[in-house]
Amino acid sequence: QVQLVESGGGLGQPGGSLRLSCTASGFNLDYYAVGWFRQAPGKEREGVACISATDGRTHYSDSVKGRFTISRDNAKNTVYLQMSDLKPEDTAVYYCATAPAYHRAILFVEGAYNYWGQGTQVTVSS
């Protein structure tokens with residue numbers, strides 16, 4: 001069964017850090033680029049970071065550039081999103097998703113992604 005599972009969400013403080021994980025089962029994650037998206041209440045889902053399948057290229061949205069870092073450990077079939085300097089506007093449900101082609105993944109168009117996780121809630125509040 002193909003599955004992506006996000007974990008690591010929760011309550012973070014402004015200026016603090018959280019690390020999200022996205023673990024794949026039922027398939028080899030290293031065949032795919034992986035993106036992180038988020039959806040805040042009342043807003044559309046937006047892409048925030050993506051990483052290529054094997055050579056470590058990364059791409060970020062302007063809203064998180066310099067604060068978030070995406071990485072992957074293909075041996076563990078897992079992709080991470082290290083979130084630092086958290087802001088209240090980072091509050092959202094965070095999703096990971098796979099994309100067969102990195103050059104399409106960086107456009108953050110949902111149609112470029114084939115498998116999606118169920119999401120994990122991140123709340124930034126003091």
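Values below: every heavy atom of this structure, side chains too, minus hydrogens, waters and symmetry copies.
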So [Y] and [X], do their side chains get closer than 4.5 Å, heavy atoms only?
{"X": "Ser25", "Y": "Val5", "answer": "no"}
{"X": "Ile51", "Y": "Tyr80", "answer": "no"}
{"X": "Glu6", "Y": "Leu81", "answer": "no"}
{"X": "Phe68", "Y": "Trp36", "answer": "no"}
{"X": "Val64", "Y": "Arg38", "answer": "yes"}
{"X": "Thr98", "Y": "Phe27", "answer": "yes"}
{"X": "Gln121", "Y": "Thr91", "answer": "yes"}

Is there a path from [X] to [Y] through hydrophobic residues (I, L, V, M, F, W, Y) whose side chains come within less than 4.5 Å of each other?
{"X": "Tyr115", "Y": "Val34", "answer": "yes"}
{"X": "Trp116", "Y": "Val2", "answer": "no"}
{"X": "Leu11", "Y": "Leu18", "answer": "no"}

With rounding to the nearest 0.5 angstrom, report the [atom1] to [atom2] distance, [X] to [Y].
{"X": "Gln39", "Y": "Glu46", "atom1": "CD", "atom2": "CD", "answer": "9.5 Å"}
{"X": "Thr58", "Y": "Lys65", "atom1": "OG1", "atom2": "NZ", "answer": "9.5 Å"}
{"X": "Leu107", "Y": "Tyr102", "atom1": "CG", "atom2": "OH", "answer": "10.5 Å"}
{"X": "Met83", "Y": "Thr69", "atom1": "CE", "atom2": "OG1", "answer": "11.0 Å"}
{"X": "Ser7", "Y": "Arg19", "atom1": "OG", "atom2": "CZ", "answer": "9.0 Å"}
{"X": "Asp30", "Y": "Thr54", "atom1": "CG", "atom2": "OG1", "answer": "8.0 Å"}

Problem - Other residues, nucleotides, ligands: >12 heavy atoms within 6.0 Å of Lys76 NZ - result: no
Practice task
Take atom CD of Glu44 as the centre, draw a 6.0 Å sphere, and report whether it contains more than 12 heavy atoms from other residues, nucleotides or ligands.
Solution key: no
Practice task
Please determine, by modelled atom types, if Ser61 and Ser63 share a side-chain donor-acceptor pair under 3.5 angstrom.
Solution key: yes
Exercise for the section: Quickly, which of Ile70, Ile106, Val48 forms a side-chain contact (heavy atoms from CB on, under 4.5 Å) with Tyr60? Name it, please. Expected result: Ile70
Handout entry: Closest non-hydrogen atom pair, Pro14 against Ser126
Key = CD-N, 3.7 Å
Problem - Heavy-atom closest pair, residues Ala112 and Pro100 - result: O-CD, 3.5 Å
Practice task
Start with the C-alpha distance between Asp90 and Arg67, add both sets of side-chain angles, then the distance that settles side chain to side chain contact (heavy atoms under 4.5 Å, CB included), and finish with yes or no.
Solution key: CA-CA 11 Å; Asp90 294 322; Arg67 300 188 299 120; 2.8 Å; yes
Exercise for the section: Test Phe37 against every option in Tyr113, Tyr94, Tyr95 by the ring pair (Phe, Tyr, Trp, His ring centres under 6.0 Å) rule and name the one that passes. Expected result: Tyr113
Exercise for the section: Give a yes or no on whether the ring-centroid distance for Phe108 and His59 is below 6.0 angstrom. Expected result: yes
